[in-house]
Amino acid sequence: MRRFEVYDTLSRETRLFVPIVPPKVGLFVCGLTPYDNAHIGHGKVAVTFDVVARALRRWGYRVFYVQNVTNIDDRLIARGGESGTDPLVLADRHISAWFAEMDRLGVRSVNYYPYATDYVPEILAQIRTLIERGLAYEARGSVYYDIAKFPRYGALSGQKLEALRPGARVAPEPGKRAPGDFVLWKAATPGEPTWEAPWGPGRPGWHIEDTAITVRLFGPRYDLHGAGLDLKFPHHEAEIAQAEGTTGESPLVNFWMHVGLLTMKGEKMSKSVGNVVGLSDAVDRFGPGVVRFYYLNAHYRSPLDFVAGRSLEEATEAYNSLDSAAGRLRSARSSAPPEGSGDVLEASLETAANDTVEHLDEALSHDFNTREAIALLFGWSKQLTEGVAGPERLSGESLDTLLAPFDWAAEVLGLFGATDSSDGGGSLGEVVQIALDARARARERGDFAEADRIRTELAASGIRIEDHGTTTRWRLVGSGG
RNA sequence: GCUGAGGUGGCAGAAUGGUUAAUGCGUCGGACUGCAGAUCCGAUUCCUGGGGGUUCGAUUCCCUCCCUCAGCUCCA
């Protein structure tokens with residue numbers, strides 16, 4: 001197991017990561033609220049923790065990665081009401097879309113997606129315990145957490161209860177002892193999905209599902225909790241209060257990781273501001289590789305400012321240059337000379353390849369510095385152009401060595417893998433080759449109008465042509481990029 | 001107001017108590033090309049918010065001020 005450090009929001013310092021029960025790592029990410037389509041801010045969190053899980057697995061940790069699905073909550077009910085759809089049906093629809101999007105983006109590291117509604121017994125048990133311990137109280141069929149009874153409430157976000165502005169954004173509810181008390185169980189409202197409970201029919205509050213799930217799956221304490229920065233308060237404070245109040249053990253989580261928000265012209269991207277860019281739109285236009293690259297090209301904790309018409313376009317340029325460097329090697333590898341023949345690599349390059357891989361692991365072991373890793377990949381790409389004149393003459397073994405840094409990127413970042421590049425091969429390749437042959441003949445006879453027409457049409461289909469002397473290469477690019 | 005995160009070249013964005021502060025994008029020049037793009041070579045040597053302090057040395061540590069963003073019970 002490789003040693004690495006992570007910034008922990010609670011202690012506000014970067015610390016060496018030590019699992020509670022090595023080599024196991026419990027990773028919980030809260031997030032999926034399927035009341036609407038995902039936007040590119042959601043994608044940032046998903047890709048960030050995908051890379052975290054990939055890196056940890058590479059380093060020998062056994063990660064159990066859980067992401068919950070809040071398939072019942074206020075917004076779902078509101079949206080369902082607007083369109084006359086059952087909230088649970090609406091949730092299912094968005095969940096399917098989310099899974100499809102994650103698959104396209106290469107986010108396949110989540111082991112288990114528990115649904116809130118599948119954990120109602122655990123939720124009820126937790127609420128019952130909190131009431132028994134005097135930490136929660138009933139009022140008008142609802143149950144609230146009495147935050148005055150939990151002194152650590154506010155520690156994660158550094159909030160002092162007295163300093164909070166109660167009711168600043170939400171009207172105080174009748175029945176609460178204090179405005180800051182949060183709801184654990186919401187009394188039924190006509191027309192809403194409800195579950196039976198000792199306090200009367202109702203449904204779970206927003207925060208309780210997470211701890212019901214994690215206490216059940218991980219026990220009273222676990223290793224890593226991730227989410228967007230905007231969930232730090234009050235949601236994560238509530239989680240701590242619920243879980244630690246129930247189990248009596250502390251801390252609930254050893255390392256809290258909070259992802260910097262995606263902003264647009266300096267403002268947070270959110271539905272309420274109305275400045276959202278759909279995740280699937282971005283992936284459609286630029287391709288999954290570019291979108292992943294865009295996220296990982298900055299440190300996960302920094303805010304990332306999205307500029308329409310520029311951010312993903314810039315990412316495309318940078319992404320393409322690395323992707324074609326990797327693609328060139330991969331296509332040479334697929335047609336490498338038979339085993340035991342071909343040129344052998346210079347020893348210095350072999351050393352450099354190994355060093356690069358080591359440095360890549362090192363970069364990620366410093367609080368997942370993916371930007372540093374990408375800089376190293378550019379450095380490696382530069383070394384390749386300087387040191388490798390003709391990759392197609394190299395032995396397969398040598399090519400494998402040269403590919404090692406890109407293989408690392410495919411494994412950990414989910415970028416520049418074999419499936420990312422479309423150089424040659426396959427039935428698409430045959431069709432494209434026919435078009436390229438026709439263009440070559442047109443150029444030979446000086447019919448450049450025809451040659452350019454073919455080039456333009458291929459480009460419209462997302463196929464970019466690159467002339468290198470007498471040979472022509474092609475690659476797939478995002479149709480809009 | 002309170003809490004937290006930040007202010008780095010034209011732009012995006014790293015790092016570090018110490019030689020010329022990564023990397024990418026963009027721009028300019030050159031090579032190649034029928035042209036364009038891509039690629040390659042070179043340039044973009046006067047960039048760390050203001051002011052103090054600690055230090056032989058600060059962008060990094062401390063103080064202070066200014067500014068930006070986020071959170072203060074919908075939020076990834």
Side-chain angles (χ1 to χ4, degrees), chain A residues 9 12 29-33 35 38-46 48-49 73-75 78 147 154 156-173 176 179-183 206-207 226-235 237-238 258-263 266-273 293-294 297-299 301-305 307 310-311 313-322 324-325 328 363 366 369-379 381-382 385-386 443 446-449 451-452 455-456 459 464-469 472-475:
Chain A
T9 314
R12 292 177 182 77
V29 173
C30 54
L32 219 181
T33 38
Y35 65 99
H39 60 65
I40 56 177
H42 301 118
K44 182 173 192 272
V45 173
T48 296
F49 290 105
D73 84 328
D74 291 352
R75 288 159 298 170
I147 59 171
L156 178 68
S157 57
Q159 303 284 348
K160 294 191 188 93
L161 295 187
E162 320 80 72
L164 296 180
R165 289 180 171 180
R169 293 171 72 174
V170 162
E173 285 177 49
K176 279 190 187 180
D181 290 354
F182 57 88
V183 69
W206 175 39
H207 313 296
L229 193 58
D230 52 352
L231 292 185
K232 190 162 69 167
F233 186 93
H235 187 237
E237 297 283 5
H258 286 103
V259 178
L261 298 181
L262 195 80
T263 60
E267 251 190 320
K268 184 173 95 170
M269 179 171 292
S270 74
K271 315 255 160 149
S272 45
V273 182
F293 182 90
Y294 171 63
N297 202 208
H299 190 93
R301 280 198 282 131
S302 325
L304 187 58
D305 197 44
V307 180
R310 196 168 76 207
S311 297
E313 286 76 359
E314 279 182 15
T316 300
E317 294 304 320
Y319 170 83
N320 281 163
S321 106
L322 284 178
S324 44
R328 221 160 288 152
H366 296 306
N369 194 334
T370 53
R371 184 58 179 91
E372 181 72 26
I374 287 172
L376 286 164
L377 290 170
F378 275 109
S381 174
K382 179 117 177 140
T385 57
E386 283 168 356
R443 291 175 74 198
D447 185 355
F448 297 118
D452 289 351
R455 182 169 67 194
T456 307
R464 184 191 276 185
I465 286 176
E466 301 171 7
D467 291 328
H468 301 269
T472 299
R473 290 201 190 91
W474 65 275
R475 52 200 308 279

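Order of the sequence lines fixes the chain letters, A, B, ..., with proteins taken first and strands second; residue numbering starts at 1 for each chain. Hydrogens, waters and symmetry mates are skipped; everything else that's a heavy atom, side chains included, is used.
- Note on A:S321: only backbone sugar-phosphate atoms sit closer than 4.0 angstrom, heavy atoms only; bases stay farther off.
- Listed for the A:K232 side chain is no donor-acceptor partner under 3.5 Å among the backbone atoms of A:S157.
- For the pair A:Y319 OH and B:C25 C1', the computed distance is 17 Å after rounding to whole Å.
- Considering every non-hydrogen atom in both A:F378 and A:A318, the closest pair reads CZ-O, 3.6 Å.
- Distance check on atom P: B:C40 versus B:A76 gives 41 Å, rounded to whole Å.
- Summarising the geometry, the separation between CD1 on A:I465 and C1' on B:G37 is reported as 10 Å, rounded to the nearest angstrom.
- In this structure, of B:G13, B:C41, B:G34, it is B:C41 that holds the atom nearest to the side chain of A:E386.
- To the nearest angstrom, P of B:A70 lies 10 Å from CG of A:D305.
- Applying the Watson-Crick and G-U wobble criteria (two distances, each under 3.5 Å), B:G1 pairs with B:C72.
- Note on A:T9: nothing from the nucleic acid sits closer than 4.0 angstrom, heavy atoms only.
- Of all nucleotides present, none satisfies the Watson-Crick or G-U wobble test against B:A36 with each distance under 3.5 Å.
- B:C25 and B:A38: their P atoms are spaced 10 Å apart (whole Å).
- Across every non-hydrogen atom of A:R75 and A:Y35, the tightest pair is NH1-CE2, 3.2 Å.
- Of the candidate nucleotides B:C41, B:A22, B:C11, B:C11 has the atom lying nearest to any side-chain atom of A:E314.
- A:N297 is not listed as a side-chain neighbour of A:Y319, based on a closest heavy-atom distance of 4.5 Å or more.
- Between A:D452 and A:H366, the residue anchored nearer the 5' end of RNA chain B, judged by the nucleotide with its closest heavy atom, is A:H366.
- For the pair A:H258 NE2 and B:G71 P, the interatomic distance rounds to 13 Å; values are reported in whole Å.
- Taking only side-chain atoms of A:F378, from C-beta outward, the nucleotide of B:A76, B:U23, B:C41 with the closest atom is B:U23.
- With contacts defined as side-chain heavy-atom distances shorter than 4.5 Å, the pair A:H299/A:T370 does not qualify.
- Atom P of nucleotide B:U73 and atom CG of A:D230 are separated by 14 Å, given to the nearest angstrom.
- Across all strands, A:L231 comes closer than 4.0 Å only to sugar-phosphate atoms, never to a base (heavy-atom distances).
- Comparing B:U60 with B:U16, their P atoms are spaced 13 Å from each other, to the whole Å.
- If you check every strand for non-hydrogen atoms under 4.0 Å, A:F448 touches a base.
- For B:G6 and B:A15, the P atoms lie 10 Å apart once the distance is rounded to whole Å.
- Between A:H235 and A:S381, the residue whose closest nucleotide on RNA chain B is further toward the 5' end is A:S381.
- Comparing B:A76, B:U73, B:G6 by their nearest atom to the side chain of A:F233 picks out B:U73.
- OP1 and OP2 of B:A14 both lie 4.0 Å or more from every side-chain N or O belonging to A:T370.
- A straight line from CD of A:E237 to P of B:U73 spans 13 Å, rounded to a whole angstrom.
- Closest to the side chain of A:R310, from the set B:A76, B:G34, B:A12, is B:A12.
- The nucleotide whose nearest atom lies closest to any side-chain atom of A:A318 is, among B:C25, B:G34, B:G71, B:C25.
- Judged by distance alone with a 3.5 Å cut-off, no donor-acceptor contact links the side chain of A:N369 to the base of B:G13.
- For A:H299, the side-chain atoms get nearest to B:A14 when compared with the rest of B:G34, B:A14, B:A5.
- Here the P atom of nucleotide B:C74 and the CG atom of A:L32 are 20 Å apart, to the nearest Å.
- Checked by distance alone, A:R455 brings a side-chain donor or acceptor within 3.5 Å of a matching partner on the base of B:A36.
- A:L156 is not listed as a side-chain neighbour of A:F233, based on a closest heavy-atom distance of 4.5 Å or more.
- At distances below 3.5 Å, at least one donor-acceptor pair connects side-chain atoms of A:S324 with backbone N or O atoms of A:N320.
- One C1' atom belongs to B:A58, the other to B:G1, and the distance between them is 33 Å to the nearest Å.
- A:L377 comes within 4.0 angstrom of nothing in the nucleic acid, heavy atoms only.
- Between B:A76, B:G24, B:C41, one nucleotide has an atom nearer to the side chain of A:Y35 than all others, and that is B:A76.
- The interatomic distance linking A:L156 (CG) with B:U3 (P) rounds to 16 Å, in whole Å.
- With both ends at atom P, the span from B:C63 to B:U3 equals 14 Å, rounded to whole Å.
- At distances below 3.5 Å, at least one donor-acceptor pair connects side-chain atoms of A:K44 with backbone N or O atoms of A:G260.
- Separating the C1' atom of B:U33 from that of B:U39 is a span of 11 Å, rounded to the nearest Å.
- Of the candidates B:A76, B:A14, B:A38, the closest approach to any side-chain atom of A:E317 belongs to B:A38.
- B:G17 and B:U59 have their P atoms separated by 13 Å, given to the nearest Å.
- If you check B:A14, B:G4, B:C74 against the side chain of A:R371, the one that comes closest is B:A14.
- Counting non-hydrogen atoms under 4.0 angstrom, A:L376 reaches nothing in the nucleic acid.
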